[in-house]
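Order of listing sets the numbers, starting from 1, for every ligand and every atom in it. Below, all heavy atoms of this structure are taken into account, side chains as well, without hydrogens, waters or symmetry copies. By convention here, the first residue in the shown sequence is residue 1.
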Amino acid sequence: MTENTTGGDVRLTGISKTYGSFTAVHPLDLTVPQGSFFALLGASGCGKTTTLRMIAGLEDPSAGSVFLGDRDVTDLPPYKRPVNTVFQSYALFPHMDISENIAFGLRRRGIKSVKKQVDEMLELVQLGDKAKHKPHQLSGGQQQRVAVARALINHPQVLLLDEPLGALDLKLRRQMQLELKRIQTEVGITFVHVTHDQEEAMTMADQVAVMNGGRVEQLGAPADLYENPRTTFVANFLGTSNLIEAEVVETGSDVVVTAGGGKLEVPGDRCTDAVRRGGKLLVGVRPEKISLAHADDAGSIADGRNRVTGRIVDSSFIGVSTQYVVNSPAGAELQVYEQNIERDARLVPGAEVVLHWNPAHTFGLDADQSLLAGTVGAAGVETVEDAS
Ligand SMILES: Nc1ncnc2c1ncn2[C@@H]1O[C@H](COP(=O)(O)OP(=O)(O)O)[C@@H](O)[C@H]1O
Ligand SMILES: [Mg+2]
């Protein structure tokens, strides 16, 4: 519907924000491709809102520049920037009906004939039958869709969304994620979406910038971030990772390492530069990539797979999968997720097992970082319930 011909990307160059001696956002370079759904993901307090507010012009950067398309907007006040923001608290006008709420931006600019555009927006957010309702007669999710329509009717170059689904319950949030994604695809406007919910970022975004302590720690497509995390923070914050302390014994196209007395292989191109030079490293593998065999069946595991022996200390059946916790000489509390297809009744706590996986699913990270960075309860990371 709205075609951006002006190059609607956001470009931040060396942008930072300090409050007194505290640095909320360290100098940051970031390019948001035009027409993309871009997520800023990170725990509460990592600088997401501050970054978004600098794009909107609601916060003056301490250094650096903000470009929208080719235009340097760093010195423009918020109302002169072609952006709109949707917040968690949607702040609709309670005394106006839904149509009037959506028409507000056009009316303020003195545009009289608004009906066609308002109808278009009502259709876009699928609230055509609610046009004459007041906000309080709508559910939270519907109100948030009105807030999105109210912003999009201004045809912003970029729509900024700051935890827009934060106030909704889990089920509604999941629905709205798909809904927002559909709306973005339909209008083709660049969305910059702030969230602390990694599943939300991965579901919706084409590109995710993972922030930690005022810095972008890694940027990429969701699957790339998940499969190739470059730091322990990203490995732990996006899903769950097993991280095993190991030592390089052979470098090459495959890196061979020892951990807990056994050898493992890591593809060289999935290792950080430091790892390729040798020494200590952290070997990573995602829980769903690992298969579990009872020790009695160890002989039937195919050659060429990475193996770690251990003992099951805990298992939880969660329907689609069973999640095992395994202690091994290579590492404590390794996580293994097995799909519930043919369950082996011998795989219970106390059982001696072999964890095995395709070496291609292994990644290597620098050893000089905390194993626990990015896990729930680690510094700077709160549980989803706590975060705001
Ligand atoms: N006006 C302010 N004065 C002082 N510190 C601030 C101000 N605004 C934000 N901060 C601090 O900057 C950090 C980043 O905040 P924010 O960008 O809101 O984080 P997020 O949105 O990721 O939760 C936090 O530690 C916050 O307390
Ligand atoms: Mg915030």
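Metal site remark for the Mg ion (ligand 2): T50 contributes no N, O or S atom at a distance under 2.8 Å.
In this structure F104 satisfies the ring-ring contact (aromatic ring centres under 6.0 Å, His included) test together with F93, sequence neighbours excluded.
Each salt bridge (charged side-chain N to carboxylate O under 4.0 Å, His left out) pair with one or both residues in residues 206-233, not counting sequence neighbours, appears once here: K181-D206, E227-K289.
Close approach to A24 involves these atoms of ligand 1, each under 4.0 Å from a residue heavy atom: 12 (O), 13 (C). Ligand 1 places these atoms under 4.0 Å from at least one heavy atom of T49: 17 (O), 18 (O), 20 (P), 21 (O). Residue contact check: F22 has heavy atoms under 4.0 Å from atoms 11 (C), 12 (O), 13 (C), 25 (O) of ligand 1.
Under the 3.5 Å distance criterion, with hydrogens and angles disregarded, a donor-acceptor pair is assigned to the side chains of N306 and T362. A donor-acceptor pair shorter than 3.5 Å cannot be found between the side chains of N236 and S241.
Of the options A43, G47, G214, the smallest heavy-atom separation from atom 19 (O) of ligand 1 is shown by G47. With G213, G42, G45 as candidates, the residue nearest to atom 20 (P) of ligand 1 on a non-hydrogen basis is G45.
In this structure a side-chain-to-backbone donor-acceptor pair under 3.5 Å is missing from D366 to D368.
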